[in-house]
Engineer: 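Take a look at the following structure, please.
The model shown is predicted, which means the values in this text are computed figures rather than measured ones. Along the sequence shown, residues are numbered consecutively beginning with 1.
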Amino acid sequence: MITTRRASLLWCGLAILATVATACGNSTPAAQTPQAASGILSVGVTASLGKLTSLNPLADNLYGSWIARQLIYPALVQLDGTELKPAWASSWEVSGDARVYTFHLQPGTWSDGKPMTAHDAAWTATFILEHADKAAGLVSFALEGVKSVKATDDRTLVMTYTEPVADTVLTLLANFHVLPKHVYEPHAGGDGSKILAFKPEDKLPVVAGGPFTVTEFQSDGTTIFEPNKGYYGSAPRVQAVGLRVFQNDEGLAQALRAGDVIWGYGGGSAVAASVKGAPGVEVVTSPSQEVALLNINSNPKKSGNPELLNPKVREAVSLAIDRGELVEVALNGYGKPGRSLLAPFLDSWIPADLQPDPHDPARANAILDELGYKKGADGVRVTPEGDRMAYSVVVWEEITRVAEILQKNLAAIGIELKPDIAADYTAAVTSPDGKYLDFDMAFSYWTEAPDPGGMLRIYSCSSWGSVNFAGYCDKDFDSLLTKQRGMLDRAERTAAIGTLQKMLVSQSRAVLPLYHAETVHVVAKGWNGIDTDRFGPDLWTQISRGQ
């Protein structure tokens, strides 16, 4: 994701747009020749993006959680590059009206010996749908457009969408991880909120249905995943996976150089820059699936600084930002200036005329001058009502360099920016009580899903109080967002997606794209099967030490 304060919530795999057959479904992959498990796969993540606060996917959305859920919870489908593949579902069919998908599930058992059935999937999906704007807010995007899910028998799951859906929407299901009903249901009473406090790691080994289960758990240390003997698919080729959390980029880089870590998962530009040229490791990059955003409070009822609701003021803020400097300093050059809230790997959905705002402080100053905001003796502008243009921006400690650049940029146009390092990011943005009355601006960072609807849904009214970090709510936006999901004509849907982006980025300017970081992994040489284009259990079962 990531607690939502770091907000990489949407997608932590590296697959891109996928297409699924719409007639007879897909067949089970050919069985792989079993190989003796060899070695321990050590995977490193940094605490800023990968700390494991919980193995409960409803409560944690950092990289570490996304790795964990691929390892321990079954998914109906998975992604292999551009292709949607079976996972727990061996095949599926779609109805003639493109609204109903029927999934046929492989037989399996949970690691505690209980049967793993379609009823587990139906319960998980129903809970998510019923609590999409509350307890399930971090994962509800995976069921975008789903009306209902039911099990017709132990091995058949029927998923009905509210309207016909474009085939790319189905790729979101790679993020739908099924929970063991008998474990989670007792914690889901009332309004569902109590389920967020449930920590499956408190009782080890964790009940799992994926290729691994957890036998040791350390939020800030090393979590051990050992093969799940009841797994329905191909057995893992490693003896165990160790997910190790490092407190900073250099700690991970040192471990990679020393050979103590095999895979720096989503290590990022700082780690890549540190290890570049070191023997025994290689840097693997792919088109960015990520976006950093400056969100501006768009709630018209907010308690102060009403001038920030003016799109012209927001335009001046955007023109003041030096995105090139952000890319060089924050990303070590591994990225591009932000032009949309959609990432570059979704380029075909982004209008060609939606380009990064230039760094033009002269024009920004002229806009504010025209609006009557004059600079005071201290260089900070004052509104006609006599209020200083001094604002806070909610951030977390690890992005201090970004905050410093934003401070410097805005100071050049007479705006004072103060970083608010929040212990609870979501609470700081949505306070009080999910009403978005207190904050001015907030930095957020997302790694995105292959269908654009998921990212756009963040700024819908239904996402208030959870992942909507701009307090943005527009009925016209929501109406078009719902309509685009059912547009089966690609050109028509592309136009609608483009309009939605412009409503946020160039019209209301509720969201200012800052930069798109390239997806960067660092991997050790001498291992087979580390395929960073994959997302799902097969990624983890195919990895082995080289012979």
Engineer: Would you call S54 and E201 a side-chain contact if the rule is heavy atoms closer than 4.5 Å?
Structural biologist: yes
Engineer: Write down the atom of I224, the atom of G242, and the distance for their closest heavy-atom approach.
Structural biologist: CD1-CA, 4.1 Å
Engineer: Quick check: closest heavy atoms across L52 and V245, and the distance to 0.1 Å?
Structural biologist: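 So the two residues come closest at N-CG2, 4.5 Å.
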Engineer: So S111 and N228, side chain to side chain donor-acceptor pair (under 3.5 Å) or not? Walk me through it.
Structural biologist: CA-CA 6 Å; S111 59; N228 172 19; 4.7 Å; no
Engineer: Scan V291, L354, I497 and name whichever one has a side-chain contact (heavy atoms from CB on, under 4.5 Å) with L342.
Structural biologist: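 Answer to the side-chain contact (heavy atoms from CB on, under 4.5 Å) test with L342 among V291, L354, I497: I497.
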Engineer: Please evaluate residues V214 and L204 with respect to the criterion side chain to side chain contact (heavy atoms under 4.5 Å, CB included), reporting the C-alpha separation (whole Å), side-chain torsions for both, the decisive distance (0.1 Å), and the verdict.
Structural biologist: CA-CA 7 Å; V214 175; L204 299 177; 4.0 Å; yes
Engineer: Does anything in residues 215-232 form a salt bridge (charged side-chain N to carboxylate O under 4.0 Å, His left out)? List the pairs, not counting sequence neighbours.
Structural biologist: K51-D220
Engineer: If you apply the rule side chain to side chain contact (heavy atoms under 4.5 Å, CB included), what do you find for T541 with Y231, and how did you get there?
Structural biologist: CA-CA 11 Å; T541 58; Y231 178 53; 4.2 Å; yes
Engineer: With under 30° as parallel and over 60° as perpendicular, where do the rings of H131 and F127 fit, or are they tilted in between?
Structural biologist: tilted
Engineer: Who pairs with T156 by side-chain hydrogen bond (donor to acceptor under 3.5 Å, both in side chains), at least two apart in sequence or on another chain?
Structural biologist: D153
Engineer: One pair to check against salt bridge (Lys or Arg N to Asp or Glu O under 4.0 Å): K525 and E282. What are the steps and the verdict?
Structural biologist: CA-CA 7 Å; K525 298 176 181 178; E282 58 182 334; 5.9 Å; no
Engineer: How close do V429 and A442 get, counting heavy atoms only, and between which atoms?
Structural biologist: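 That closest heavy-atom pairing would be CG2-CB, 3.8 Å.
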Engineer: Compute the ring centroids of H104 and W92, then answer whether they are less than 6.0 Å apart.
Structural biologist: no
Engineer: Under 4.5 Å between any side-chain heavy atoms of V329 and I405, yes or no?
Structural biologist: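 Yes, close enough: below the 4.5 Å cut-off.
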Engineer: Check the pair R323 / Y515 against side chain to side chain contact (heavy atoms under 4.5 Å, CB included), numbers first and verdict last.
Structural biologist: CA-CA 7 Å; R323 290 168 174 80; Y515 55 81; 5.9 Å; no
Engineer: Examine F443 together with W396 and report whether their ring centres are nearer than 6.0 Å.
Structural biologist: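 Yes.
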Engineer: Within a strict 4.5 Å, meaning less than it, do heavy atoms of the W349 and S340 side chains meet?
Structural biologist: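 A side-chain contact is absent here, since even the closest heavy-atom pair is not under 4.5 Å.
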Engineer: State, with a plain yes or no, whether a side-chain heavy atom of H182 is found less than 4.5 Å away from one of V207.
Structural biologist: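 Yes, their side chains come closer than 4.5 Å.
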Engineer: Any non-hydrogen side-chain atom of Y459 less than 4.5 Å from a side-chain atom of L341?
Structural biologist: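 Y459 vs L341: side chains touch.
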Engineer: Measure from the ring center of Y73 to the ring center of H177 and say whether it is less than 6.0 Å.
Structural biologist: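 No.
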Engineer: Side chains of L58 and L179: does their closest heavy-atom pair fall under 4.5 Å?
Structural biologist: yes
Engineer: Treating S288 as the side-chain partner and A343 as the backbone partner, does any N or O pair qualify as donor plus acceptor under 3.5 Å?
Structural biologist: no
Engineer: Taking side-chain contact (heavy atoms from CB on, under 4.5 Å) as the test, write out the residues that go with T285, two or more places apart.
Structural biologist: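 side-chain contact (heavy atoms from CB on, under 4.5 Å) list for T285, sorted by chain: V283, Y334, E518, V520.
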Engineer: Parallel, tilted or perpendicular: which describes the rings of Y101 and F103, with under 30° parallel and over 60° perpendicular?
Structural biologist: parallel
Engineer: Tell me whether T223 contacts the main-chain N or O of F217 through its side chain, where contact means a donor paired with an acceptor under 3.5 Å.
Structural biologist: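 Answer holds: no.
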Engineer: Establish, yes or no, whether a centroid distance under 6.0 Å links the rings of Y425 and F469.
Structural biologist: yes
Engineer: So F176 and S140, do their side chains get closer than 4.5 Å, heavy atoms only?
Structural biologist: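 No, side chains not in contact.
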Engineer: Once salt bridge (charged side-chain N to carboxylate O under 4.0 Å, His left out) is applied, what residue pairs with a partner in residues 102-127 remain, sequence neighbours excluded?
Structural biologist: none
Engineer: So, for T171 and P450, which heavy atoms are closest and what is the spacing to 0.1 Å?
Structural biologist: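 Shortest heavy-atom separation between T171 and P450 comes out as OG1-CG, 3.4 Å.
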Engineer: Show me the pairs that pass salt bridge (charged side-chain N to carboxylate O under 4.0 Å, His left out) and involve residues 328-340, at least two apart or across chains.
Structural biologist: R339-D347
Engineer: Any ion pair linking D202 and K199 (charged N to carboxylate O, less than 4.0 Å)?
Structural biologist: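 The answer is no: the pair does not qualify as a salt bridge.
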Engineer: Could you pull out the closest heavy-atom pair between W88 and P74, with the gap in Å?
Structural biologist: CE3-CB, 4.1 Å
Engineer: Are the aromatic ring centres of W540 and W66 under 6.0 angstrom apart?
Structural biologist: no
Engineer: Can you list every salt bridge (charged side-chain N to carboxylate O under 4.0 Å, His left out) pair that touches residues 253-262, not counting sequence neighbours?
Structural biologist: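 Non-adjacent pairs meeting salt bridge (charged side-chain N to carboxylate O under 4.0 Å, His left out): E250-R257.
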Engineer: Under the criterion side chain to side chain donor-acceptor pair (under 3.5 Å), I'd like the reasoning laid out for Q289 against T447: C-alpha separation, chi angles, the key distance, then a yes or no.
Structural biologist: CA-CA 6 Å; Q289 292 180 283; T447 305; over 6 Å; no
Engineer: Taking all heavy atoms of V281 and all of V275, pick out the closest pair and write down the distance.
Structural biologist: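 In this case the closest contact between V281 and V275 is CG2-O, 4.0 Å.
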Engineer: Quick one, Y232 and T109 - any side-chain contact, counting heavy atoms below 4.5 Å?
Structural biologist: no
